[in-house]
Amino acid sequence: MPAAERPPPRDLADEAMLARAHQRFAADHRRPVSSGKGGALPNLVVIGGLKCGTTSLHHYLSLHPEIAMSRPKELNFFVAELNNSLGPGWYASHFDPAAKVRGETSPHYTARPRLEGVAGRMHQLIPGARLIYAVRDPIERLLSHYLHNVGGGYESRSLDEVLAEPSSAYVDRGRYAYQLEPYLATYGADSVAVVTQDELRQEREATMRRLYSFLGVGSGFTSPEFEREWETGSAKGRGGFRVMDRAVRLPGLRALDRGFDRLPESLRWRVERIVHDPDGGEARKPVLSEAQREQLTAIFAPDVERLSELTGQAFGWLGGA
């Protein structure tokens with residue numbers, strides 16, 4: 001079989017993450033959802049990437065009075081292996097029909113080659129949607145992804161073992177041009193905005209104004225809650241996060257996991273401060289050897305160059321300008 005047609009190698013950590021995403025909606029899969037529940041299909045989808053600030057971005061978007069973001073955040077409807085079988089009625093039931101912009105955020109929408117066909121399914125159902133893709137330095141993303149998986153109990157391998165597999169999900173999810181190409185082919189460049197995590201952190205108000213303008217809502221909106229940054233703190237490397245992340249996977253607590261996004265804002269932020277300690281700074285990431293960094297730079301550099309070509313944006317990653 002030609003290399004391009006070979007299925008990707010199994011990635012047990014990624015499969016464990018997907019299993020948890022499926023468990024969040026296990027009750028819906030057991031109980032048919034009526035297509036007559038109301039709602040409306042979305043016209044905004046944040047398609048990823050994983051560990052690129054999508055939780056904060058989802059929150060900042062939801063603050064705008066003309067935008068209603070889904071609760072829960074990750075519906076994963078266009079992933080055949082997750083919730084696509086629940087049907088468009090189930091999907092529409094999560095959105096406010098009165099909102100000018102209705103959106104959701106699902107980083108598993110950019111998980112090729114393990115999850116294929118997402119862009120096509122999305123375009124078939126919501127061809128007029130606007131898409132936002134959040135990205136960051138791919139090496140830093142990989143390390144954050146690894147740290148998250150270790151803390152959540154999805155990953156038992158050492159970093160050396162992980163890096164020995166150049167076709168892992170850790171690598172593939174950071175190949176942003178590769179992930180983005182199907183969306184550009186179906187939606188066109190004018191319907192896709194790419195934003196970096198550095199922009200969201202260092203130029204938050206200007207970046208949100210750009211995105212609000214892209215979405216056709218009032219771009220002058222601002223909020224004191226722009227100061228909050230979600231799921232970034234040092235607690236991910238400590239026991240509290242590990243206990244919480246694993247506990248909510250137990251059958252009796254899955255509703256809490258799924259229902260976190262439905263909590264009142266003040267209560268959600270209290271839980272966030274306990275679980276992720278956003279005031280504690282970034283969690284300490286594994287240190288790469290010079291050889292490992294060179295290996296990853298060689299893997300990611302062609303994709304970063306391609307991403308610049310596709311978007312017309314310069315990315316100062318991997319030692320570039």
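- Residues Y146 and Y154 fail the side-chain proximity criterion, which asks for heavy atoms closer than 4.5 Å.
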Worksheet item: Between H123 and T186, does a side chain to side chain donor-acceptor pair (under 3.5 Å) hold up when you go through it step by step?
Response: CA-CA 7 Å; H123 188 260; T186 51; 5.5 Å; no
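- Once rounded to the nearest 0.5 Å, the distance linking CG of L75 with CZ of R24 reads 11.0 Å.
- Inter-residue side-chain proximity for F95 and E104 is flagged as met; some heavy-atom pair is nearer than 4.5 Å.
- By the 4.5 Å heavy-atom criterion applied to side chains, L215 and L61 are counted as neighbours.
- The shortest side-chain heavy-atom distance between T196 and R201 does not fall under the 4.5 Å cut-off.
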Could you pull out every donor-acceptor pair under 3.5 Å between side chains of residues 96-103 and any protein atom, sequence neighbours left out?
unit_1 : atom_1 : unit_2 : atom_2 : d
D96    : OD1    : A98    : N      : 2.9
K100   : NZ     : G216   : O      : 2.7
R102   : NE     : L41    : O      : 2.8
R102   : NH1    : A99    : O      : 3.0
R102   : NH2    : L41    : O      : 3.0

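- The aromatic rings of H22 and H29 lie parallel to each other, their planes meeting at an angle below 30°, with 60° marking the opposite boundary.
- Using a 4.0 Å cut-off between a side-chain N of Lys or Arg and a carboxylate O of Asp or Glu, R293 and E290 do not qualify as a salt bridge.
- Taking a cutoff of 4.0 Å between a charged side-chain nitrogen and a carboxylate oxygen, R175 and D172 qualify as a salt bridge.
- Between T311 and Y176 the shortest side-chain heavy-atom distance does not fall below 4.5 Å.
- Side-chain N/O atoms of E74 and H108 include no donor and acceptor closer than 3.5 Å.
- Using cut-offs of 30° and 60° on the angle between ring planes, the pair F221 and H64 is tilted.
- In this structure the side chain of Y60 never reaches within 4.5 angstrom of the side chain of T207, judged on heavy atoms.
- H59 is not listed as a side-chain neighbour of F226, based on a closest heavy-atom distance of 4.5 Å or more.
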Worksheet entry | N76 vs E81, side chain to side chain donor-acceptor pair (under 3.5 Å): CA-CA, chis, key distance, verdict | CA-CA 9 Å; N76 291 306; E81 295 84 348; over 6 Å; no
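- Around the CD atom of E305, the shell of radius 6.0 Å holds no more than 12 heavy atoms that belong to other residues, nucleotides or ligands.
- For the pair L12 and E155, the minimum side-chain heavy-atom distance is 4.5 Å or more.
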